[in-house]
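What follows is a short report on a single structure.
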Amino acid sequence: MSRRVVITGSGFVLPLGNNRPDVLSALLESHGPFLRSEVDPHVAVCPVPDFDLKSHVGRCKNARYLTRGQQLCLAAAVRAVDDAGLDGRNLDRAGLFLGLGPNLQASPRDDRALWLLDYLPNTVTSVMAEILGAHGENLTILTACAASTQALGQAYRTVASGLADVALAGGGDSRLSFEGVRAYKQAGVLASGFERPELACRPFDRARCGFAIGEGGAVFALESLEHAEGRGARILAEIVSASSSLDGFSLTGPDPSGMAASMAVQSCLEYLPSDGLCVLAHGTGTVLNDAMEGEILAATVPHALAIIAFKSRIGHLAAACGSAELALGLICVAQGQFPGIAGLENPCREDLPLLRERTLLRPGSLLLQSFGFGGQNACLGVRPWI
Amino acid sequence: MNLFATISSILAEILDLDPADITPETYVIRTLEAESIDLLEIGVAMQHRLDIAVDDDLLFLKNVRMILNRAQHDGADALKALRSAYPHLSEDRLREILSDLPAGPVLRVGDLVAYALAANRAGS
């Protein structure tokens, strides 16, 4: 049994805003709202300004067990449900698929009884299920920077196979804490030596030297086409393919041959029309990722309409990067225009349609790519609903 | 140390409330909707912040109904049984608990303060 699966709601809390007009207006700027990190001025970050969970979900005493990234995810999920116009009748058997990161600030504590919950990644899934009343199939996925894309893929498969009519899927993450900044810095993946923080992360540029840290949450409401049409829901897009793979090569850097990553890309491409393809690239701005990803793109989609790298505008949202970039991609699709890759002055390849400036585009399909630590790869094939 | 202020701040933090909404008369379970998981956290936080030993059963008056049932079964005086179990509560408060019990969980913020006060005295 394979059913068509559509996206009927998009909820996001991102550095560029938490509603479509704000995000769209921010995407028209030449650069994203990057700053120097308060805990390390040599690191560029892109925070969500003035985030207050209560303003999104009301009183939430269990927020005490949630990381900032998990709280961003929770806020995004509530917004997705509102955006889709779903209520308790549609949600009681709904699936819940979340891509999340580790809690780098957790520690055993004398002043808290249940600090164990700080460590358990499904704590936010449980809090979300209680708030939204979603009790169906679920997974809490921790596959580094591929996590939220993989969560979307698993939700897609669950709805397509008939295990759920409705599923919420996406992720949230924040690594702006002292521990997060330190972890990435010691791993040697952050942009450094920049004059202005907005120029730190430069995906696919010859002078790229690493990424800037972002934060945020983005969650989508997925439904079977039949269910969405049955309730007269507005449809944003259709998910047509999902894939994942493992490099089995290095715990941090990508396999330079891109063998497994390419397998995930090609698997998704099989179900996407080649005309009018727009790639939402992983595009971290690290030397190794962009070299590997560039090779894969040149081999698989040299004639794509455009390649976008949203991390140049919101930073790297770690586990949440894929869902956040899909949220931005769908906003751009709806407006018919995409921003250029910020900071891209000297492309590392001439054989790729890297988007250099704001362009009017009506893509027929989107390919979302996420490649994470541990050689985790995940892709999603999406068709705008026209 | 202002015990009420400290305990209010603990409750506000754990239950995600405005401390201004908490008075000594406020019901912890009935009004503030504290659940068992919250009581666990409140007990540990009071122990840590106030540097007192905490017995959750006594602090949260968990056994009031059991004590009263046993007293009834043994033909003992209800007020006397409560007085013996909860020496940190005043006679007036114990009488109030007896009359208030049918309306639901009786624990009030003032009971937590009384417990902490007695524990402080015992400690010093």
Side-chain angles (χ1 to χ4, degrees), chain A residues 13 48 50-79 88 103 105-135 140 172 174 177 217, chain B residues 1-3 5-23 26-62 105 107-109 112-113 115-116 119-120 123:
Chain A
V13 182
V48 172
D50 306 320
F51 174 62
D52 174 24
L53 179 67
K54 206 177 283 195
S55 70
H56 298 275
V57 308
R59 180 187 173 200
C60 180
K61 60 188 182 182
N62 287 328
R64 62 185 184 247
Y65 302 117
L66 307 182
T67 64
R68 182 173 165 89
Q70 291 168 338
Q71 293 189 17
L72 287 161
C73 185
L74 178 57
V78 170
R79 298 186 74 85
N103 183 350
Q105 294 174 294
S107 63
R109 296 168 60 146
D110 291 332
D111 61 339
R112 299 253 311 272
L114 296 168
W115 50 264
L116 171 65
L117 295 177
D118 298 349
Y119 285 84
L120 298 180
N122 65 325
T123 299
V124 68
T125 322
S126 171
V127 172
M128 200 181 285
E130 183 181 356
I131 289 176
L132 297 175
H135 305 288
T140 303
S174 174
S177 65
Chain B
M1 183 188 294
N2 183 334
L3 285 175
T6 307
I7 290 170
S8 282
S9 129
I10 289 171
L11 292 171
E13 195 179 305
I14 290 175
L15 299 171
D16 195 17
L17 295 165
D18 184 344
D21 293 338
I22 301 172
T23 71
T26 307
Y27 289 103
V28 178
I29 297 168
R30 220 189 279 180
T31 307
L32 301 184
E33 298 175 330
E35 300 169 280
S36 57
I37 181 175
D38 305 321
L39 297 184
L40 259 179
E41 293 291 5
I42 293 164
V44 170
M46 283 181 62
Q47 187 168 312
H48 186 79
R49 296 260 286 272
L50 301 172
D51 196 22
I52 58 173
V54 163
D55 177 326
D56 278 15
D57 286 350
L58 294 180
L59 174 64
F60 300 123
L61 310 181
K62 285 185 173 178
L107 183 68
R108 285 180 156 165
V109 175
L112 305 183
V113 176
Y115 183 93
N120 264 346

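Excluded from the calculations below are hydrogen atoms, water molecules and symmetry mates; all remaining heavy atoms, backbone and side chain alike, are included. Below, chain A is the first sequence line, B the second, and so on; all start at residue 1.
Heavy-atom distances place no part of B:Ile10 under 4.5 Å from chain A, backbone and side chain included. Heavy atoms of A:Arg59 lying under 4.5 Å from chain B belong to its backbone as well as its side chain. Contact of B:Glu13 with chain A is not made at all, since no heavy-atom distance falls under 4.5 Å. For chain A, the nearby parts of B:Glu35 are the backbone and the side chain; heavy atoms of each come within less than 4.5 Å.
Distance check, rounded to the nearest 0.5 Å: CG of A:Asn62 to CD1 of B:Ile14 gives 11.5 Å.
Contact of the A:Lys61 side chain with the B:Ile37 side chain is not registered, since no non-hydrogen atoms from C-beta on lie closer than 4.5 Å.
Summarising the local packing, CG of B:Asp55 is surrounded by more than 12 heavy atoms from other residues, nucleotides or ligands at distances under 6.0 Å.
Every residue two or more places apart in sequence or in another chain that forms a salt bridge (Lys or Arg N to Asp or Glu O under 4.0 Å) with A:Lys54 is listed here: B:Asp16.
Listed options B:His48, B:Glu41, B:Glu33 were ranked by heavy-atom pairs under 4.5 angstrom with chain A; first place goes to B:Glu41.
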Which side-chain N or O atoms in residues 109-116 of chain A pair as donor and acceptor under 3.5 Å with protein atoms at least two apart or in another chain?
unit_1	atom_1	unit_2	atom_2	d
A:Arg109	NE	A:Asp111	OD1	3.0
A:Arg109	NH2	A:Asp111	OD2	3.0
A:Arg112	NH2	A:Asp118	OD1	2.7
A:Arg112	NH2	A:Asp118	OD2	3.1
A:Trp115	NE1	A:Arg109	O	3.3

